[in-house]
Protein chains: 2
Amino acid sequence: MMAEGHPGGESLLFLTDEQLRKGIEAMFFAYRGFTADPDRILHDQGYGRAHHRAIHFINRSPGTTVNNLLTILGVTKQSLNRVLRALIEDGLVESRVGTRDKRERHLHLTEAGAALERELSTAQRARMRAAYRVAGPEAVAGFRMVLEAMMDPDMRRHFAALKEGA
Amino acid sequence: MMAEGHPGGESLLFLTDEQLRKGIEAMFFAYRGFTADPDRILHDQGYGRAHHRAIHFINRSPGTTVNNLLTILGVTKQSLNRVLRALIEDGLVESRVGTRDKRERHLHLTEAGAALERELSTAQRARMRAAYRVAGPEAVAGFRMVLEAMMDPDMRRHFAALKEGA
DNA sequence: CACTTTATGTCAGCCTTGTTGACATTCCAA
DNA sequence: TTGGAATGTCAACAAGGCTGACATAAAGTG
């Protein structure tokens, strides 16, 4: 296994099994940190990570349908429905029957839901901001590039759509 | 939002809420891709992500104790024990009583365990390698820097220890 | 030696969040 | 009018977290 060049330098240095393993472990440990703050907040309110995901994407795309959310989250409708039901009952999410297509439910955060969303995303953004500051802008660009390349193509599409949409 | 690109320059470009949100979403979607391949393999064998994590770190630090593993994985002993019991019963992991301290159990992969580890890590490394290739070496360095900065300090310590150890 | 602490394992029970399968309702569209 | 899509709901189940309680053996400490 000998190296050939790559725009930017010796790419092989980063493709040894050892380097790849370290990348894998970095993802594992970093994801734990990534979810730690919201998890704490949510646990205090009797919610879990699934509720966070729903709240995040409803906030991100107000009026999104249940089916859209299903696709983005990659879970079954039964699983999502359990979470949505709780959020609706607790008055954090509002489900409006579609006007054009009355089968669809359009989801919105209530003021209380938006408040929780702010609390969660403020905490999560703070950690992300701190990491970005430490690593610097060049690192951030690389970070985003690698993450995007790691996604499944379908998810990359959804991710890109969110980018433009919001 | 006026931005000029300047290497090492105005880091503020990367610290807008919008940029931070995109980073958060990128982590979410990328982690899904990151675990997708091992998840498929494991599901076929009746195992889950928890088994993968145990196998990974036992392979990474052969002879590690249950307590070490507990700390790194950040779960309760009951939870880990359930997983280890299955792996030991199935002949993928061997638990050896410590020689110096006979209370400790030192964990090793059997040949069968090592074979599964190779299968899992080959798949996961392939995805990582592909992402690295697309993004390029500079991006990889940034990726790793941001991930490390995102970890909780404790986990960063464990991560660093793994780096040197293996 | 007696006592305490540590490392591990195990039982029982609970929660969240995922799954499948079956079935009802509503309503758009061919 | 009929088929299919979108949604909701019920039931049952599994993985994998958690807590609490308890047991055992070994090591450390007075």
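Letters A, B, ... are given to chains in the order of the sequence lines, protein chains preceding strands, and every chain is numbered from 1. Quick note: numbers below take in every heavy atom, side chains included, and nothing from hydrogens, waters or symmetry partners. Computed from a predicted model, the values in this text were never measured in an experiment.
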Given the rule in the side-chain hydrogen bond (donor to acceptor under 3.5 Å, both in side chains) test, do A:Q124 and A:H56 qualify, once you have shown the distances and angles that lead to the verdict?
CA-CA 11 Å; A:Q124 199 161 35; A:H56 176 98; 5.4 Å; no
Output yes when a side-chain donor or acceptor of A:R127 lies under 3.5 Å from a complementary backbone atom of A:G33, and no otherwise.
yes
Examine D:dC18: is either OP1 or OP2 under 4.0 Å from a nitrogen or oxygen in the side chain of B:T76? Give yes or no.
yes
How close do B:D39 and B:R49 get, counting heavy atoms only, and between which atoms?
OD2-NH2, 2.7 Å
From CG of A:L80 over to C1' of C:dT20, roughly how many Å is that when rounded to an integer?
17 Å
Closest heavy-atom pair and its distance - A:A54, A:V83:
CB-CG1, 4.1 Å
Nucleotide D:dT7, atom P - distance to CG of A:D101 in whole Å
8 Å
Between P of C:dT8 and CD of B:E104, the distance in whole Å
6 Å
Has the side chain of B:K77 got a donor or acceptor atom sitting under 3.5 Å from an opposite partner on the base of C:dT8?
yes
Could you walk me through whether B:E117 and B:R53 pass the salt bridge (charged side-chain N to carboxylate O under 4.0 Å, His left out) check?
CA-CA 10 Å; B:E117 194 284 329; B:R53 293 195 281 256; over 6 Å; no
A:N67 has an atom CG; how far is it from atom C1' of D:dA5, in whole Å?
9 Å
note: A:L70, atom CG; D:dG8, atom C1'; distance rounded to Å ~ 12 Å
So, does B:R85 get its side chain near the phosphate of C:dT10, meaning an N or O under 4.0 Å from OP1 or OP2?
yes
Taking atom types as they are modelled, is there a donor-acceptor pair under 3.5 Å from the base of D:dA27 to the side chain of B:R103?
no
Kindly point out which of C:dT20, C:dT10, D:dG8 is positioned nearest to the side chain of A:R105?
D:dG8
Ring-ring centroid check B:F57 A:F28, cutoff 6.0 Å
yes
Using heavy atoms and a sub-4.0 Å distance, could you list which residues of residues 46-59 of chain B are near DNA chain D? By number, please.
B:G48, B:R49, B:A50, B:H51, B:R53
Please give, in whole Å, the distance from D:dT9 P to A:I88 CD1?
9 Å
Among the candidates C:dT17, D:dC18, C:dG21, find the nucleotide nearest to the side-chain atoms of A:Q78.
C:dG21
Among D:dT7, C:dT10, C:dC27, the nucleotide that comes nearest once only the side chain of A:K102 is considered:
C:dC27
D:dT7 C1' sits how many Å from A:L107 CG, rounded?
11 Å
Quick check on D:dG16: is either OP1 or OP2 less than 4.0 Å from any side-chain nitrogen or oxygen of B:S79?
no
How long is the line joining CG of B:N81 and P of C:dC11, in whole Å?
9 Å
Could you walk me through whether A:D152 and B:F29 pass side-chain contact (heavy atoms from CB on, under 4.5 Å), step by step?
CA-CA 8 Å; A:D152 277 340; B:F29 289 121; over 6 Å; no
